[in-house]
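First the structure, in the form of structure tokens, and then the observations on it.
Not measured: the values here are computed from a predicted model. The sequence lines fix the lettering, A, B, ..., with proteins before strands; numbering per chain opens at 1. Keep in mind that the numbers below use all heavy atoms, side chains included, and drop hydrogens, waters and symmetry copies.
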There are 2 protein chains.
Amino acid sequence: MTTLKPVYLQKVKQQNMADILQKIWEHESISRVELVELTGLTSGTITNLTQELLQTGLIRESETSSGSVGRKRVMLKLRTDRYTIIGLDIGRTSFEVVLADLAGRMIKSVEGNTVGIRDPEQVLDLVAPHLESLKTDAADKKSPVIGLGVSIPGPMDKKTGKLLSPPNFPGWEGYPIQSALERRFGLNVFIEDDARTSALAERWYGLGRKAQDLLFVTMGMGIGGGVVAKGELVVGSNGLYGQVGHITLLPGGEICACGNEGCWETVGSIPGILRRWSEGNTIDGFFQAVREGDPAAVQCMQETLYYLECALTTLFNTYDPEVIVLGGKLYPYLTMHLSEIRSRVKARMYAFVRDRLHIESATFGASQNAVGAVALVFGALLNEPLQTLAGPKT
Amino acid sequence: MTTLKPVYLQKVKQQNMADILQKIWEHESISRVELVELTGLTSGTITNLTQELLQTGLIRESETSSGSVGRKRVMLKLRTDRYTIIGLDIGRTSFEVVLADLAGRMIKSVEGNTVGIRDPEQVLDLVAPHLESLKTDAADKKSPVIGLGVSIPGPMDKKTGKLLSPPNFPGWEGYPIQSALERRFGLNVFIEDDARTSALAERWYGLGRKAQDLLFVTMGMGIGGGVVAKGELVVGSNGLYGQVGHITLLPGGEICACGNEGCWETVGSIPGILRRWSEGNTIDGFFQAVREGDPAAVQCMQETLYYLECALTTLFNTYDPEVIVLGGKLYPYLTMHLSEIRSRVKARMYAFVRDRLHIESATFGASQNAVGAVALVFGALLNEPLQTLAGPKT
DNA sequence: TATAATAATTTTAATAAATAAAGCAAATGG
DNA sequence: CCATTTGCTTTATTTATTAAAATTATTATA
């Protein structure tokens with residue numbers, strides 16, 4: 001007995017299966033005939049592959065049908081309750097762990113505080129019992145956890161699995177987070193920075209569900225960006241693609257922690273705004289003052305919006321997305337200005353694309369990062385279904 | 001006899017063949033054993049696929065060998081003389097048609113002037129005899145032309161094959177250039193704007209031959225960008241990806257033709273420099289004045305370099321390339337400042353990536369666009385060898 | 001100079017997953 | 001109730017791969 005392992009055919013099969021799964025997700029509900037048309041595969045192949053997906057429990061048949069004469073189409077849907085995903089958002093001063101179904105809907109969520117804790121191991125010690133409890137919950141419901149998605153405040157070196165130097169996130173630099181988590185929890189671990197997970201939350205569960213090119217801009221203690229092009233996350237040659245907070249907005253301006261001068265982040269982030277207004281105050285205080293009509297605050301607010309307008313125009317011209325999504329801790333304060341931002345940016349774009357760009361608010365509010373962490377795993381599942389279900393390689 | 005057309009397997013084969021071809025090109029010269037290691041395919045498969053590539057004439061065996069004991073490795077090389085590519089650079093006031101071998105080396109080149117001609121058909125009438133003559137040359141040498149690559153000064157709508165509205169290029173808007181050229185010359189036609197073809201020239205024949213992520217910045221009458229990520233050209237959702245001339249460098253600055261204000265292009269392009277220095281003059285005049293130490297010109301020159309420095313830093317932070325290549329009609333005047341530009345930009349980057357970024361001069365000077373047009377076809381060949389060789393579909 | 005050792009490549013049989021086409025199942029309408 | 005239509009499944013065929021054995025080319029050594 002020879003044991004052949006023809007990977008090439010399995011790759012084709014996986015690819016076709018992934019294609020089918022993604023089309024099912026994109027259309028919510030779709031019949032086999034439509035899959036034949038959309039994928040270009042033959043009906044026999046569709047039968048085989050959907051059968052296998054049915055067996056894994058990733059999809060189910062839904063009674064629906066259509067047409068006037070002839071046999072009715074059996075609609076196929078993604079089965080969102082058979083497996084679960086755990087999302088972990090590690091922030092600078094807090095964390096959130098969520099158990100979610102495949103549609104990104106939260107089943108359970110736990111938040112915690114990490115103020116003052118600088119040692120990554122200690123943070124994980126805090127997170128561990130909650131995470132284990134979610135794992136148990138999932139096991140009780142017979143909906144196995146297929147992976148752990150993690151959102152962190154700064155980029156990670158893909159080669160070493162170690163964290164790079166995110167500003168305002170001391171203690172974590174060089175920490176081998178991927179292997180640590182895999183060892184601790186025995187799960188398939190996927191990690192990305194918060195801007196990117198946020199972008200993925202939109203790509204799979206939010207505004208970008210059908211959009212192939214989107215940019216997520218997160219404004220908070222820093223300003224970050226996540227770019228999805230042709231449906232795929234873009235990370236760049238050093239993992240620094242989309243550092244949108246570090247575009248030079250004010251030549252000759254303040255020196256930024258990144259080394260550049262006049263970065264948007266130096267004026268547009270929460271610390272940036274406070275530095276421009278009155279050091280030592282809080283962002284709540286600032287927006288309170290704006291509401292009360294304090295002239296200096298109002299002036300500073302107008303500048304902030306103007307910087308945002310300039311930055312978004314620049315980013316449209318560099319990334320050409322279908323959607324720009326705005327989020328982050330600062331954004332809730334700006335939501336009321338969305339339509340103004342929208343019209344001001346569009347006024348500065350090429351006329352013929354003005355109505356093709358959408359500028360929107362993030363879909364998942366304070367849980368954007370956690371949902372994004374879940375989306376990170378979901379994306380892996382939809383790109384490599386069988387492999388992802390198989391779990392961590394030994 | 002049934003005539004089955006199993007496309008999926010052919011796709012796998014094409015993909016593997018393309019993979020082999022690209023590795024041969026990347027390594028200049030490579031043996032089958034090394035291909036086995038690099039591709040993960042088995043030796044039998046490599047034998048089959050390389051045999052087919054030998055038959056098409058795309059590669060050849062080169063006597064070389066290595067090792068001390070055992071059968072010697074037969075090195076494989078891309079055969080650059082069996083097929084040719086025609087590149088056409090359509091500029092605002094001139095054109096260049098070149099016949100090149102597969103390595104992008106020019107066999108023959110013709111330039112012409114189109115000043116004052118606004119009708120695209122008339123321009124093509126001027127180009128046609130030269131192009132036909134190159135085709136005849138190629139046929140005489142029994143090295144068939146596999147395709148016509150075209151470089152144009154502005155983006156094209158991929159869906160309609162019509163030109164969008166490139167500034168300073170009147171008469172061409174809405175012209176269905178792709179179909180017109182295919183009809184006229186019966187060749188496989190590939191079209192991209194000049195910044196993108198320039199980027200491709202570097203990707204396949206120049207500095208990016210091994211780099212997977214590069215940015216080409218072309219400075220001339222406008223400022224444009226071409227981005228290659230993971231070896232592939234990125235075009236964006238509207239074909240406007242990489243409009244790097246339209247990043248906002250000076251908030252509150254001059255209104256640009258694109259609708260934005262303070263665009264780098266408004267101050268950094270040839271017209272931008274002249275507007276800032278003294279309207280009505282020429283760029284030669286400007287640099288003459290700089291050399292003569294004219295204070296206003298020197299001041300303007302310093303600003304220009306500073307804007308460039310700011311823009312490149314911004315672009316590094318947005319695209320995270322391995323290489324930034326500088327070119328365009330303006331750039332020759334700036335070449336002497338390259339090392340200064342380099343060090344000033346690097347001083348503004350994250351320290352840990354400072355020695356990973358390379359900033360270089362364009363490789364092909366005045367013929368960058370034409371070589372890029374050739375590279376556009378070469379890239380198609382290396383991505384889909386058999387299909388590209390098969391020529392235009394009926 | 002033959003022969004053993006070694007390494008590169010080719011050949012051969014087996015295999016997986018697709019295609020093409022025929023067959024089966026389910027629904028409607030005269 | 002049967003013909004028609006449409007959707008899905010089954011079956012035989014095809015293809016490019018894998019694994020493993022065979023062949024070829026080269027060097028080292030007796």
Side-chain angles (χ1 to χ4, degrees), chain A residues 1-20 24 29-55 59-76 385-387, chain B residues 1-21 24 29-55 59-76 384-387:
Chain A
M1 277 290 115
T2 53
T3 42
L4 298 182
K5 284 178 212 159
V7 291
Y8 86 101
L9 286 173
Q10 285 181 9
K11 265 188 193 166
V12 174
K13 191 179 161 183
Q14 278 252 5
Q15 185 52 55
N16 287 338
M17 228 160 142
D19 200 25
I20 288 172
I24 291 175
S29 180
I30 196 171
S31 65
R32 288 179 178 79
V33 224
E34 292 168 286
L35 283 173
V36 169
E37 290 161 11
L38 288 171
T39 61
L41 297 167
T42 59
S43 49
T45 304
I46 295 293
T47 292
N48 287 335
L49 294 179
T50 52
Q51 202 152 64
E52 200 166 334
L53 286 171
L54 284 165
Q55 273 161 19
I59 63 171
R60 64 186 165 82
E61 296 188 326
S62 94
E63 288 287 352
T64 334
S65 66
S66 81
S68 60
V69 63
R71 182 173 171 175
K72 297 201 166 167
R73 300 176 172 189
V74 178
M75 304 307 277
L76 301 169
L386 299 186
Q387 232 154 290
Chain B
M1 278 288 117
T2 52
T3 43
L4 298 181
K5 284 177 210 161
V7 291
Y8 87 100
L9 285 174
Q10 285 181 8
K11 265 189 194 165
V12 174
K13 192 179 160 182
Q14 278 253 4
Q15 183 54 54
N16 286 339
M17 229 160 137
D19 201 25
I20 289 172
L21 250 192
I24 290 175
S29 181
I30 195 171
S31 65
R32 288 178 178 80
V33 224
E34 291 168 286
L35 283 173
V36 169
E37 289 161 12
L38 289 171
T39 61
L41 297 167
T42 59
S43 48
T45 303
I46 294 294
T47 293
N48 288 336
L49 295 179
T50 51
Q51 202 151 63
E52 201 164 334
L53 286 170
L54 284 165
Q55 273 160 20
I59 63 171
R60 64 186 166 81
E61 296 189 326
S62 94
E63 289 289 354
T64 334
S65 66
S66 81
S68 61
V69 63
R71 182 173 173 174
K72 296 199 166 170
R73 301 175 173 191
V74 179
M75 304 308 276
L76 302 169
E384 296 187 310
L386 298 186
Q387 234 154 288

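Atom C1' of nucleotide D:dT15 and atom NZ of A:Lys13 are separated by 17 Å, given to the nearest angstrom. Nucleotide C:dT10 holds its P atom 18 Å from the NZ atom of B:Lys72, rounded to whole Å. Residue A:Asn16 contributes atom CG, which lies 17 Å from atom P of C:dA16 at whole-angstrom precision. To the nearest angstrom, P of D:dC8 lies 11 Å from CD of A:Glu37. Remark: C1' of D:dA25 and CZ of B:Arg71 are 5 Å apart, rounded to the nearest angstrom. Protein atom CG of B:Asn48 is 14 Å distant from nucleotide atom C1' of C:dA13, rounded to whole Å. Between B:Gln14 atom CD and D:dT15 atom P there is a gap of 15 Å when expressed in whole angstrom units. Per the geometry, CG belonging to A:Leu41 stands 11 Å off P belonging to C:dA20, to the nearest Å.
For A:Val36 against A:Ser43, the heavy-atom pair with the smallest separation is CG2-CA, 3.6 Å. Of all heavy-atom pairs between B:Arg32 and B:Val74, the closest is NH1-CB, 4.0 Å. Listed here is the closest heavy atom pair of B:Ile59 and B:Leu54: O-CD2, 3.5 Å. Across all non-hydrogen atoms, the minimal contact from B:Arg73 to B:Val33 is NE-CG2, 3.7 Å.
Of all nucleotides listed (D:dC8, C:dT10, D:dT9), D:dC8 comes nearest to the side chain of A:Ser31. Among the nucleotides D:dT17, C:dT9, C:dA18, the one closest to the side chain of A:Thr45 is C:dA18.
For A:Ser43 against D:dT9, a side-chain-to-base donor-acceptor contact under 3.5 Å is present.
Comparing B:Gly70 and A:Val74 against DNA chain D, the residue whose closest nucleotide sits nearer the 5' end is A:Val74. The residue among A:Thr42 and B:Glu61 whose nearest nucleotide of DNA chain C lies closer to the 5′ end is B:Glu61. Nearer to the 5' terminus of DNA chain D, by closest-nucleotide assignment, is the contact made by A:Ile46 (compared with the other of A:Ile46 and B:Val69).
The only member of A:Glu34, A:Arg60, A:Glu61 that meets side chain to side chain contact (heavy atoms under 4.5 Å, CB included) when paired with A:Met75 is A:Glu34.
In this model, the phosphate group of D:dG7 is not approached by any side-chain N or O of A:Arg32 to a distance below 4.0 Å at OP1 or OP2.
Counting any heavy atom pair closer than 4.0 Å across all strands shown, B:Leu49 reaches sugar-phosphate atoms only and no base atom.
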